[in-house]
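Counting begins at 1 with the first residue of the sequence. Every number for a ligand or one of its atoms is a count from 1 in the order of the listing.
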Amino acid sequence: MLKETKMLRDKKVAVIGVGKIGGTLVSGLLRNNVVRKENLAGSTAHAESNDEVAKRLGVKMLRDNATLVKGRDIIILAVKPQTIQKVLGEIKGSLNEDQLVITLAAARTTQFIEENLGKKIPVVRAMPNTPCLVNAGMTVLCPGKFAKPKHVEMSRSIFEPVGLVDVIDNEELMDGVTALSGSGPAYAYIIIEALAEGGVKVGLPRSLATKLAAQTLLGAAKMVMETGEHPAKLKDEVTTPAGTTIDGIMALEDGGIRVTLIKTVDRATEKSKELSK
Ligand SMILES: NC(=O)c1ccc[n+]([C@@H]2O[C@H](COP(=O)([O-])OP(=O)(O)OC[C@H]3O[C@@H](n4cnc5c(N)ncnc54)[C@H](OP(=O)(O)O)[C@@H]3O)[C@@H](O)[C@H]2O)c1
């Protein structure tokens, strides 16, 4: 077992909002034996979803957030940004400064969380993504003003079993992180889908075309991560003079793929900034 996963074995963890990303995290913590099932509990807004999650993930689900956080070492907030203030109001009376709050909400700063809690509670902001479900996530952490290095390490140990983790100090960068790796899986799925359509256009069966597109992106991503080479150099290695690839690249550039993707991240960053106001 990894050092960081051992660190959490006896910690009591609460997840408020076991929805898409909260559920992904809970299943990752269980799958990787990071937290004991009996030490993990959660909540959702509705009785039906509470029952469904309890059945699906086998964790204790409570209806009352104030009761849920009592005696928990780590509280993970995985509710929508527009719900977070209400939840903070529900739990602040039950929290003390020995507990750690990890917030996943996009566009909600650590200062916002700290002010709403009204105490010197350590807060770490985290931006994970859905590939945490297959242990290939990307999470960026940013500590608030009361979080100490041990709180960052504890947060790291939550996300490291389900993917890569980076820590930043400048919280303003979290809008760009949200736009790139938080939302990024959605962009990648569209690219995979479109490449597969290309395969279908030239006669490949759809299931084969989808597999070729997805595995090719996975392989290219691994090449970038594992060789440490610049993507442009790796691209040049595929592009034989007067070969097929350069014709494909010509069509890609003609469609403005680079500027489209730059604008994609830029627009999503602006939206995140707008939501934080
Ligand atoms: N999805 C992603 O890829 C992703 C990635 C990084 C960060 N995030 C952030 O994570 C947060 C959740 O996003 P999501 O996509 O997982 O949304 P989601 O699937 O809608 O999940 C939200 C969850 O919060 C629950 N909830 C609402 N009010 C609650 C309350 N008062 N007490 C307890 N639980 C409550 C909902 O319960 P019901 O189901 O009963 O309504 C639902 O389970 C957002 O702030 C988002 O910015 C998401």
Side-chain angles (χ1 to χ4, degrees), residues 13-29 40-57 59-70 72 75-95 101-110 112-113 116-117 123-142 155 158-159 162-166 168 171 173-190 265 268-269 271-276:
V13 178
V15 181
I16 301 184
V18 191
K20 284 189 279 296
I21 199 73
T24 294
L25 208 52
V26 168
S27 63
L29 292 173
L40 198 52
S43 68
T44 60
H46 302 94
E48 311 80 66
S49 47
N50 243 30
D51 292 348
E52 187 279 317
V53 172
K55 210 188 249 173
R56 178 164 45 91
L57 298 173
V59 292
K60 193 169 160 188
M61 294 292 291
L62 276 74
R63 290 306 313 283
D64 177 47
N65 288 328
T67 310
L68 171 64
V69 301
K70 272 190 196 138
R72 298 274 154 191
I75 294 100
I76 300 174
L77 302 174
V79 295
K80 296 269 188 208
Q82 55 271 33
T83 316
I84 204 149
Q85 197 161 20
K86 176 177 168 280
V87 168
L88 294 171
E90 289 167 5
I91 64 174
K92 67 178 182 186
S94 309
L95 289 181
V101 171
I102 301 177
T103 170
L104 311 189
R108 287 287 174 265
T109 62
T110 53
F112 176 88
I113 309 287
N116 275 277
L117 290 175
V123 176
V124 172
R125 182 169 166 191
M127 180 47 62
N129 62 13
T130 50
C132 288
L133 193 62
V134 291
N135 291 355
M138 180 70 234
T139 303
V140 176
L141 303 173
C142 182
S155 309
I158 294 263
F159 295 97
V162 291
L164 297 182
V165 177
D166 249 68
I168 59 172
E171 194 166 345
L173 298 180
M174 287 302 269
D175 292 311
V177 167
T178 304
L180 181 46
S181 57
S183 305
Y187 318 146
Y189 299 135
I190 290 175
V265 177
T269 304
K271 178 71 179 183
S272 176
K273 281 189 183 149
E274 202 181 300
L275 290 175
S276 354

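Put simply, the side chain of Ser272 never gets that close to the backbone of Ala268: no donor and acceptor are under 3.5 Å apart. Put simply, the side chain of Arg56 never gets that close to the backbone of Asp51: no donor and acceptor are under 3.5 Å apart.
Residues Asn129 and Thr24 are not in side-chain contact: their nearest non-hydrogen atoms beyond the backbone lie 4.5 Å or more apart. At a threshold of 4.5 Å between non-hydrogen side-chain atoms, the residues Thr139 and Cys132 count as touching. Between Ile75 and Ile102, every side-chain heavy-atom pair lies at or beyond the 4.5 Å cut-off. Looking at Cys142 and Thr110, their side chains never come closer than 4.5 Å, going by heavy atoms from C-beta outward.
In terms of polar-atom proximity, Glu90 is not counted as a contact of ligand 1, lacking any N or O under 3.5 Å from an N or O of the ligand. At least one N or O atom of Gly19, backbone or side chain, sits closer than 3.5 Å to an N or O atom of ligand 1. Considering backbone and side-chain atoms together, Pro128 places no N or O closer than 3.5 Å to any N or O of ligand 1. Below 3.5 Å of separation, one finds no N or O of Val87 facing any N or O of ligand 1. Residue Ala106 has at least one nitrogen or oxygen atom sitting less than 3.5 Å from a nitrogen or oxygen atom of ligand 1, judged on distance alone. No N or O atom of Thr83 sits closer than 3.5 Å to an N or O atom of ligand 1. For ligand 1, the polar-atom distance check against Ile21 finds a nitrogen or oxygen pair separated by under 3.5 Å.
Atom-to-atom distance recorded for Thr130:OG1 and Leu25:CG is 12.0 Å, nearest 0.5 angstrom. Atom NZ in Lys60 sits 12.5 Å away from atom OG in Ser43 (nearest 0.5 Å).
Of all the heavy atoms of Lys86, the ones lying under 4.0 Å from any atom of ligand 1 belong exclusively to the side chain. Contacts between Ala78 and ligand 1, counted as non-hydrogen atom pairs separated by less than 4.0 Å, involve the backbone only. With a heavy-atom cut-off of 4.0 Å, Asn65 touches ligand 1 through its side chain alone.
The option with the heavy atom closest to atom 18 (P) of ligand 1, from among Arg63, Glu48, Lys20, is Lys20.
From the protein, the heavy atom lying nearest to atom 41 (O) of ligand 1 is His46 ND1, 3.1 Å. Ranking the protein heavy atoms by distance from atom 45 (O) of ligand 1 puts Val79 O, 2.7 Å first. Ranking the protein heavy atoms by distance from atom 3 (O) of ligand 1 puts Thr130 CG2, 3.3 Å first. The protein heavy atom nearest to atom 24 (O) of ligand 1 is Gly17 CA, 3.4 Å.
Across every non-hydrogen atom of Gly23 and Val18, the tightest pair is CA-CG1, 3.6 Å.
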